[in-house]
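Throughout, protein chains are lettered first and strands after them, A, B, ... in sequence-line order, and every chain is numbered starting at 1. Only this structure's heavy atoms are used, side chains among them; waters, hydrogens and symmetry mates stay out.
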Protein chains: 2
Amino acid sequence: MAVTIRDVARQAEVSVATVSRALSAPDLVRPATRDRVLAVAAELGYQPNRAARSLITGRTGNIGIVVPDLENPFFTGVLKGLQARARQADYAVFVSDSDEDPTAEAMLVRAMAKQVDGIVLAAPALDDDQLYAIAEDTSLVLLNRRLRGISAALMNSAAGMRQVLEHLVALGHRRCGYLHGPRTSWSNRERRRGLRAAATQHGVELVELGPFPPRYEGGLQAADLAVAADVTAIIAYNDIMALGVLARLRDRGIPVPEAVSVTGFDDLVFASLCSPPLTTVAMPLGQAGRLAVDLLLEHIASDRTEISQVDLETQLIVRGTTSTPATN
Amino acid sequence: MAVTIRDVARQAEVSVATVSRALSAPDLVRPATRDRVLAVAAELGYQPNRAARSLITGRTGNIGIVVPDLENPFFTGVLKGLQARARQADYAVFVSDSDEDPTAEAMLVRAMAKQVDGIVLAAPALDDDQLYAIAEDTSLVLLNRRLRGISAALMNSAAGMRQVLEHLVALGHRRCGYLHGPRTSWSNRERRRGLRAAATQHGVELVELGPFPPRYEGGLQAADLAVAADVTAIIAYNDIMALGVLARLRDRGIPVPEAVSVTGFDDLVFASLCSPPLTTVAMPLGQAGRLAVDLLLEHIASDRTEISQVDLETQLIVRGTTSTPATN
DNA sequence: ATGAAAGCGCTAACAA
DNA sequence: TTGTTAGCGCTTTCAT
């Protein structure tokens, strides 16, 4: 069996209570005693049993994150930042993948809720009511979704799309096509919102196509529609779709960016590696993960009373798929 | 406070022991009683407190995984399979990212060890002794690393490399270059081993270049060396390097596969999306994740006595970057 | 400043 | 088949 608080107490010739205090409330114990206890603890390699501690304190020292797809680099970017920050704060991280299934999302959160102090949730498709219900009995931070009364780490994709559109306007584009992602996704609505506002403001005609599955195949399909719609620039919901668009245009012998400009969104690794390299918008993924932890811990520490929603800025990355429109 | 076993017991008019049994050893209680208890439990929404249970059973119902880099699609592929399987077995999953730092790896495993029943570890660079020390006091399954006496989920990359070489031989290549990944990595050694064996057997000259950082930039750098070495085929340690090679060759106006063939390893998403699409080797990532869980649970269930090492087959995927060598 | 003791929610002997 | 009871390892009153 592992070394317990009793072993330390005996060896240090104090009571278990003193050992407990020496570790979790050092100022309540005389320095000399404390040092002795700490020395013994270190010597024996004592590690408090978290289950026992949690049983009495009601807190676990764990947080959880549930995402729609662990193979999506977007979420793993967030996860990476999140777990790094959690570790700094001495929290361990549970992870769960819902496979894009809203029902599973709700279940996973409930299952996780019992063993964590709070949950970071990326659930683009779960409905508001469910989310509120969950927030009732768990500390919750939403990722990239804004809901009144629930903390959230947000990436300002509307502003990112505004940058995209203004970039295209500056190049001279007047008729652009937006390739929708899933209609129900908060991100898709945000991106479209930013785009529409900017388009109206700059007098640009915005042709909306889709929705398409936010995948490579979706881009393949969307490309033909966009070409038929006679736009000079194609604004894809995300990088993967943009990649599909690029492939399809190449197959059809339509040169990018000479004949048509293309933009993505997310700045995944291969956005800079494809040819021509993709103009896109970078999301502060790791930062969002760290922020989510901070918001969560703040919420927990404040007895679930404090709510904050923080917007992180996105950044347009101009590469090789955008240029002035063809003059035919 | 949440509903406890006592609430259920009272409402169902039985003792807490009966409730406990009804849930964790149903056959020890009379069907009628069991049904009543279960009904009450469901009605009250009772969920056993895992901390309390774990305190007495000594088991946590959690497993952990630590990987070098959560942004590497290789590991997230494994993670996805692993967490799906773990959930089926009613285990929750802790995740930790060591940022490619072997020291951190060892620490993270130790920190995690207290709260899990076992750990799946991807540690290409940690040394054998450390691994053995860890296996002493934790149930351990190694990912893609074979060590006598420790369970492992292996992907047979040596065989994958053999397939690559035989594919090239069939095309007529007689002088191939291997672009090394990190020298210390078990995977790199395995891939090289498979390659060398096959090369010897088929009388192919194998020029070894590197080591290079297993990244895009590594490929950029390696490409020039490979060209100077006058090989007709370039076998990269992994897809990302291969992508760098492709980019560099394109910049230099060297056509692939006409002037030189290129192969990758891993079959990441963009391997099929780049142009020309990359000939590479597919790894059974999700399968490896699921296998790792199975091995771990088996090891735990057998009182840490059972050890298995299972090799999963890899699969050559022939695409557009390989063809017959240039005849100059 | 320290110790004694109660008890967190649960499981596992042991009794009945 | 069911109930009684003794802890699992820890924190936290309440005394001293």
Would you say [X] and [Y] make side-chain contact, with heavy atoms under 4.5 Å?
| X | Y | result |
| --- | --- | --- |
| A/Val293 | A/Gln83 | no |
| A/Leu291 | A/Leu312 | yes |
| B/Ile134 | B/Arg110 | yes |
| A/Val116 | A/Phe94 | yes |

Nearest to the side chain of [X], which nucleotide is it out of [options]?
| X | options | value |
| --- | --- | --- |
| A/Val16 | C/dA5, C/dC10, C/dA12 | C/dA5 |
| A/Ile56 | D/dG9, C/dG7, D/dG7 | C/dG7 |
| B/Ile5 | D/dC10, C/dA4, C/dT11 | C/dT11 |

So what does A/Ser20 touch, heavy atoms closer than 4.0 Å: a base, only the sugar-phosphate, or nothing? base
Atom pair distance, as rounded to whole Å: [atom1] in [X] and [atom2] in [N]:
| X | N | atom1 | atom2 | result |
| --- | --- | --- | --- | --- |
| A/Gln47 | D/dC10 | CD | P | 11 Å |
| B/Arg6 | D/dT4 | CZ | P | 12 Å |
| B/Leu55 | D/dA6 | CG | C1' | 13 Å |
| B/Asp7 | C/dC8 | CG | C1' | 14 Å |
| B/Glu13 | D/dT2 | CD | C1' | 14 Å |
| A/Arg53 | D/dC8 | CZ | P | 18 Å |

If you pin A/Leu23 and B/Arg21 to their nearest nucleotides in DNA chain D, which one's is more 5'? B/Arg21
Given DNA chain D, 5'-ward residue of the pair A/Asn49 and B/Ala17, judged by closest heavy atom: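 Taking each residue's closest nucleotide, the earlier one in sequence belongs to B/Ala17.
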Donor-acceptor check, side chain of B/Asp117 to backbone of B/Thr60, threshold 3.5 angstrom: yes or no? yes
Is the side chain of A/Thr57 donor-acceptor paired with the backbone N or O of A/Arg53 at a distance under 3.5 Å, no angle test? yes
Donor + acceptor pair across side chains of A/Thr18, A/Ser15 (<3.5 Å): yes
Short of 4.0 Å, heavy atom to strand atom, which residues of residues 29-37 of chain B count as contacting DNA chain D? B/Val29, B/Arg30, B/Thr33
Would you say B/Thr18 places a side-chain N or O within less than 4.0 Å of OP1 or OP2 belonging to D/dG3?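 B/Thr18 to D/dG3 OP1/OP2: side-chain N or O found under 4.0 Å.
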Any donor-acceptor pair, under 3.5 Å, between the side chain of A/Arg50 and the base of D/dG9, if you only look at N and O atoms? no
